[in-house]
Protein chains: 2
Amino acid sequence: MTDTTSRAASPTLDEVAVLAGVSRATVSRVVNDSPKVSPEARQAVLSAVAQLRYVPNRMARSLVTRRTDTVALVLNEPNTQVFSDPFFASIVRGVSATLADTDLNLVLLTAQDEREQEKIGRYARQGHVDGVILMSVHSDDPLPDILEEAGIPLVLCGRPFDDRAVAYVDADNRGGAREAAAYLAASGRRRIATITGPLDMIAGVDRLAGYQAGLAAAGQEVRADLLAEGDFTEVGGARAMAALLERAPDLDAVFVASDPMAVGALRALREAGRRVPEDVAVVGFDDAAVAERCDPPLTTVAQPLTDMTPLLTELLLRQIEGVGEQAESRVCRTHLVRRASA
Amino acid sequence: MTDTTSRAASPTLDEVAVLAGVSRATVSRVVNDSPKVSPEARQAVLSAVAQLRYVPNRMARSLVTRRTDTVALVLNEPNTQVFSDPFFASIVRGVSATLADTDLNLVLLTAQDEREQEKIGRYARQGHVDGVILMSVHSDDPLPDILEEAGIPLVLCGRPFDDRAVAYVDADNRGGAREAAAYLAASGRRRIATITGPLDMIAGVDRLAGYQAGLAAAGQEVRADLLAEGDFTEVGGARAMAALLERAPDLDAVFVASDPMAVGALRALREAGRRVPEDVAVVGFDDAAVAERCDPPLTTVAQPLTDMTPLLTELLLRQIEGVGEQAESRVCRTHLVRRASA
DNA sequence: CTGAAAGCGCTAACAA
DNA sequence: TTGTTAGCGCTTTCAG
């Protein structure tokens, strides 16, 4: 009796070769789509493969090719709620979709703390992946250094804090926020508040800087009491909005640095009895194409997500292939989409 | 000049051996914590390892050990919003935390459609992982079959639809829902509605069955107009609640099959001017320990998530180690937590 | 177009 | 306690 009990020992190249009546090399060629194989040989191999349900052993293959055909998307989620940020989901879906048509595999790696980040670093250094896309980089993340030093291809989703020579893809957060503030100022608002993102994330910092630049350009003062820090979540946005209303009841506009926060802010405004946009104009920042599904429709700074995710993988693949010397980066333009809220 | 330009060729066991003045076998023993090594040898190896920044090549190791020390957590997310379900995040965090103390790596794999599921199946069959935890199994998912047939250790998070002999961990969804309905009936409610989960997910089905059983046990009729299907999201819950109120304005209680939906339902009730719990009593189902953070506090069926995630990995590891013949499963008890809403 | 042979870096008997 | 040796399954020159 054959072994039905133990874990099925998967067939090897040799077994296929024997069954097909050819050499291992020929089987390998067929499996790897080499053109230099006669139709008969190819056919024999193919049917042997099918019959044996042969699947190549990746470990053996990678050992010699030094390629795993796998890339990792690393999610830093020190905060509980980051996982539910639609921006994350959008990036994951986008990258996943981009890779779906290729023969590359995508694995998601999550880190909740520094220890787990180091574990991920080890995982990568051990040769499990060909490259890494890193999301949600905070100011003190050790992973970029670890990976860079190990020479592992790396692309950041979001501009790094320091000016290191690392590839990244980012939206023009500063430009978009500046445009939003300028727009509010141009439409006659005089007390324009902002709810920022977390200021240990570069998107939070850049969007705040853009808001300040926009006000300055319009000749308006940047008032400290018109600034509240949020955490990119809906609940955080509502809380920040409430705090702003408490602190500066006279505000007549607010630039909210992310759409989930804007949804929360809208709710807080409604509960406070403020009309939007008559009393208070609201402009959000759309990280995940949710603004249009919003109720009421939200004026937002829109990012071209559909451009950004392919770019992310493109830059990574270019590094993996070894094309182009320098770490290449791209900043994607944003644009303001006017809707009923402003 | 040494190669600073090309991808750093990582040092091998032999190089360490040479530098430490021992054989490869000894280095291997040290690296694998074998006790049978003299302190001097160990020390020499250790410093050589440090000096060379040696990291073992996993492919080579796995090729011989037939182990990757990696398990996959597969997320099925055919629906856009599943990613933001706090239940997912909780399971991911829990499993991740459980594994953090071990030397096992966790990778997340996401599938948006059948094609991607098959890609994951291939990934697993190629030997990338030692085992798989599968979340959010829908009625027609091909992955369980693929993995089972390939003999890859598998644990489902949630009971399978058919009665196949596969390991799984689940909450007592039926029992919990039954208790919720019975509780509402016992407190004098007579028109108890329910917002179900998606009925192509077993949790949705089981919670509906429990609700029906609870009503039946209390001698109450199960009215079709008191049932609305939701999708486990907040928006879906609000929509379903609105539909119920339209269809059966006389309802005096509602069992909502997930907490995000319950949050939406509470909002819809508030907007409809119904008081909770005076006019309408609400009981939710807590998939992610969010109920207590709710505002207002939500009466819910609570699941012991802190038991379930370790169990998930425990059952998987037991299969990987080959301990215990049959696929072992566990159903975790739930309990009703009374709060202000019911 | 095909096969023989030499490794990829590591572990695991088996001897010493 | 240590070293020697033989592979793990695959790709890839290099001859034929």
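These numbers come from a predicted model, not from an experiment. Order of the sequence lines fixes the chain letters, A, B, ..., with proteins taken first and strands second; residue numbering starts at 1 for each chain.
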### Task
Decide side-chain hydrogen bond (donor to acceptor under 3.5 Å, both in side chains) for B/R125 and A/N57; before the verdict, give the C-alpha distance in whole Å, the side-chain angles of both, and the deciding distance to 0.1 Å.
CA-CA 8 Å; B/R125 293 194 57 195; A/N57 178 320; over 6 Å; no
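- Considering only side-chain N and O atoms, A/T26 lies under 4.0 angstrom from the phosphate OP1 or OP2 of C/dG3.
- An OP1 or OP2 oxygen of C/dT2 is reached within less than 4.0 angstrom by a side-chain nitrogen or oxygen of A/S38.
- Both B/V64 and A/V64 lie near DNA chain D, and the one whose nearest nucleotide falls closer to the 5' end is B/V64.
- Distance B/D33 CG to D/dT1 C1': 17 Å, rounded to the nearest Å.
- Atom CD of B/E40 and atom C1' of D/dT2 are 12 Å apart (whole Å).
- Distance from the side chain of B/K36 is smallest for D/dT1 among the nucleotides D/dG7, D/dT1, D/dG3.
- For D/dG9, the OP1/OP2 oxygens have a side-chain nitrogen or oxygen of B/R66 closer than 4.0 Å.
- Side-chain nitrogen and oxygen atoms of B/S28 include at least one within less than 4.0 Å of the OP1 or OP2 phosphate oxygen of C/dT11.
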### Query
Which is it for A/L311 and A/V155 under the side chain to side chain contact (heavy atoms under 4.5 Å, CB included) test, yes or no, and what are the steps along the way?
CA-CA 10 Å; A/L311 220 41; A/V155 176; over 6 Å; no
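- The distance between atom CG of A/N57 and atom C1' of C/dC8, rounded to the nearest whole Å, is 13 Å.
- The CG atom of B/L13 sits 12 Å away from the P atom of C/dA12 (whole-angstrom rounding).
- In this structure, B/I202 and B/F161 approach most closely via the heavy-atom pair N-CZ, 3.4 Å.
- For A/A41, the side-chain atoms get nearest to C/dT2 when compared with the rest of C/dT11, D/dG9, C/dT2.
- Side-chain nitrogen and oxygen atoms of A/N32 include at least one within less than 4.0 Å of the OP1 or OP2 phosphate oxygen of D/dT11.
- For B/D103 and A/R122, the salt-bridge test fails: no basic side-chain N is under 4.0 Å from an acidic carboxylate O.
- Looking at B/R24, its side chain has no donor and acceptor atom pair within 3.5 Å of the base of D/dT4.
- Nucleic acid contact for A/V31: none, since no nucleic acid atom lies under 4.0 Å from a heavy atom of the residue.
- In this structure, the CE atom of B/M59 is 16 Å from the C1' atom of C/dT11, given to the nearest Å.
- Looking at which nucleotide of DNA chain D each of B/R42 and B/L63 is closest to, the 5′-most match is held by B/R42.
- Shown here is A/R330, whose CZ atom has no more than 12 heavy atoms of other residues, nucleotides or ligands within 6.0 Å.
- Atom CD of B/Q126 is separated from atom P of D/dG9 by 16 Å (rounded to the nearest Å).
- A donor-acceptor contact under 3.5 Å links the side chain of B/R29 to the base of D/dG3.
- The distance between atom CZ of A/R67 and atom P of D/dC10, rounded to the nearest whole Å, is 19 Å.
- Ranking D/dG3, C/dG9, D/dT11 by closeness to the B/S23 side chain, first place goes to D/dG3.
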